[in-house]
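Below is one structure, written out as structure tokens, with a few remarks after it.
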Amino acid sequence: MAIKITKRLLDAAELKDRAYEIWDTEVKGFHAIVLPSGQKTFYFRYYDNSRKNQRIKIAVFGNVTCDIAREIAKSFSGDLAKGIDPKREKEKLKEIDKDKVTYVHFFEKFTKNYRLIHHKPSTLKVDGYIIKLHIMPFFGGKNIEEITTNDILDFKESLKHVPITCNKCFAVIHRSFELAELWGYRQKNSNPCRGVKKYPERKRERFLSKEELRRLEAVLETEEILQLKSPYVLAAIKMLMYTGCRMSEILTLKWEDAHLVENYIHLKDSKTGERVVPLNEPGRKILEKLERREENPYVFCSQKHKDGHLVNIAKAWQKIRKKADLPDVRIHDLRHSFASFAIKQGLDLYQVAKLLGHKNIRTTTRYAHLAREDLIKASNVVGQVFVTA
């Protein structure tokens, strides 16, 4: 049976008396085996250099998604294209004497068995830069068991001029050593990152006032009338303002996920997982006005690729914020401002958390002081009733 493997397909897969295979049509060799017990497991099948049929287990469905399993299968295909046997490579890692395992060797296992499974492609791409530029040059050739807290401190010192980058590196390194312990490459409770603190980061919050919002809307309207910017860029910025979505969620939105009659957009793969975002009137009107390109499935079409989406609107935003006299407003501050306006309109933190797609309401409590400010004003209004001593 050959068909694109999806969650819906595997959830509905018929249970038979004997195990059977479902083959994916997108990645050659990628398939799932359905057992009579109901367990479904992802595998990758290929021919090695001697033309022998080989199969390598990826993961059990439920522990990983179909998309992640497919990405891992793609990575195995990439290995084959380079002349690397993925099964033999996996066995070689097991054969290496743990006393001689370097950090770079371990990191290959860490990437295949953890990062590729648990991280989104966008996260893998961003982390890829810091791994290549900072982590591997410093730790790559060191023995995994011999890396100490002093090494971590030296690494931290070497990046003190870029503290935020250092903190991002630290998060990757810390998790890698946690799994090095779990998988037996280091002794228990020997994580050299333990006790080392990240550099302090000042949470910068900038909220638009109503007057600033009106200025920004006026600039966007002028840009649209005079056709000074791509209508897709202008519409994307407005959608960020009116929905509170993350930039990646808006730029990658497809028409099939924009339900204008029902007033919502469906985000299949947001930062916090699948979610539905309600469309308010301004947001719905933006999408209704936007031209649909027959050959392009995306709402916010790329200017360079006829079937792609916008990737970067930073330069356009810098020019627009300058015209609106908002030089310190970052594009992500539009999301903060949406939350600010929501609270000032009387929504509680739980509702704001739902609108923003926060998995944990503790993330939303950063806006709690805005609610307190309004409550204090309300209390002072009540206070006018009383006679002061």
Side-chain angles (χ1 to χ4, degrees), residues 1-48 50-81 84-96 98 106-124 127 175-176 178-185 188 256-257 266-276 359-360:
M1 177 181 179
I3 190 171
K4 181 180 177 180
I5 295 175
T6 63
K7 181 179 185 301
R8 180 179 294 181
L9 175 71
L10 292 185
D11 283 339
E14 180 187 357
L15 300 185
K16 300 181 179 180
D17 293 337
R18 299 176 63 182
Y20 68 97
E21 299 166 335
I22 300 176
W23 291 85
D24 187 63
T25 51
E26 288 200 354
V27 179
K28 186 178 179 181
F30 176 49
H31 62 288
I33 294 181
V34 182
L35 298 178
S37 64
Q39 179 175 296
K40 297 112 180 177
T41 306
F42 299 114
Y43 286 91
F44 178 71
R45 181 172 285 176
Y46 64 98
Y47 289 101
D48 62 18
S50 60
R51 301 303 296 166
K52 286 186 178 179
N53 200 324
Q54 301 286 359
R55 186 167 67 190
I56 184 169
K57 179 180 175 180
I58 296 175
V60 174
F61 170 61
N63 293 338
V64 303
T65 66
C66 298
D67 288 340
I68 290 173
R70 188 178 287 104
E71 286 300 317
I72 295 173
K74 282 181 184 177
S75 74
F76 290 153
S77 291
D79 286 345
L80 288 171
I84 300 169
D85 185 326
K87 191 170 186 179
R88 178 60 187 147
E89 196 67 14
K90 189 175 181 181
E91 290 169 352
K92 274 167 60 179
L93 274 176
K94 290 181 180 178
E95 292 167 5
I96 297 174
K98 287 189 174 62
F106 170 75
F107 208 87
E108 290 175 11
K109 178 184 174 83
F110 174 57
T111 294
K112 284 187 176 181
N113 291 4
Y114 180 79
R115 294 178 62 240
L116 284 174
I117 294 171
H118 295 281
H119 292 172
K120 295 178 182 294
S122 58
T123 303
L124 292 170
D127 285 352
R175 187 59 177 148
S176 72
E178 285 180 338
L179 292 177
E181 287 185 25
L182 183 66
W183 295 337
Y185 287 86
K188 296 294 182 185
E256 67 184 38
D257 298 319
H266 180 203
L267 303 179
K268 295 175 181 174
D269 190 29
S270 76
K271 183 179 179 181
T272 53
E274 187 175 6
R275 72 185 183 100
V276 168
K359 218 169 191 178
N360 193 323

(message) For Leu116, is there any backbone N or O sitting under 3.5 Å from a side-chain donor or acceptor partner on His118?
(response)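 Checked: no pair found.
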(request) Please confirm whether the backbone N or O of Leu10 pairs with a side-chain atom of Lys40, one donor and one acceptor, at under 3.5 Å? (result)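 Yes.
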How about [X] and [Y]: do any of their side-chain heavy atoms sit closer than 4.5 Å?
X      : Y      : value
Glu178 : Leu182 : no
Arg45  : Asn53  : yes
Glu274 : Leu267 : no
Ile5   : Phe61  : no

What are the two closest non-hydrogen atoms of [X] and [Y], and how far apart are they?
X     : Y     : answer
Leu15 : Pro36 : CD1-O, 4.0 Å
Thr65 : Phe42 : O-CE1, 4.1 Å
Asp85 : Lys87 : OD1-N, 3.0 Å
Ser77 : Val27 : OG-CG1, 4.1 Å
Gln54 : Asp48 : NE2-OD2, 2.9 Å
Ala13 : Val34 : CB-CG2, 4.3 Å

Flag the pair [X] and [Y] as a salt bridge only when some basic side-chain nitrogen lies within less than 4.0 angstrom of an acidic carboxylate oxygen.
X      : Y      : result
Lys268 : Asp257 : yes
Glu21  : Arg55  : yes
Arg70  : Asp67  : yes

Evaluate the ring planes of [X] and [Y], with Trp represented by its six-membered ring, and classify them as parallel (under 30°), tilted (30 to 60°) or perpendicular (over 60°).
X      : Y      : answer
Tyr46  : Phe44  : parallel
Tyr114 : His119 : perpendicular
His31  : Trp23  : parallel

Can you measure from [atom1] ([X]) to [atom2] ([Y]) and round to the nearest 0.5 angstrom?
X      : Y      : atom1 : atom2 : value
Phe30  : Ile72  : CZ    : CD1   : 8.5 Å
Cys66  : Asp11  : SG    : CG    : 8.0 Å
Phe76  : Ile84  : CZ    : CD1   : 12.0 Å
Ile22  : Leu9   : CD1   : CG    : 5.0 Å
Thr111 : Ile117 : OG1   : CD1   : 11.0 Å

(message) My understanding is that only residues two or more places apart in sequence, or in another chain, count here; which of them pass salt bridge (Lys or Arg N to Asp or Glu O under 4.0 Å) with Lys28?
(response)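 So Lys28 forms no salt bridge (Lys or Arg N to Asp or Glu O under 4.0 Å) with any residue.
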(message) Does either side chain, that of His266 or that of Glu256, offer a donor lying less than 3.5 Å from an acceptor on the other one?
(response)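 No - no donor-acceptor pair under 3.5 Å links their side chains.
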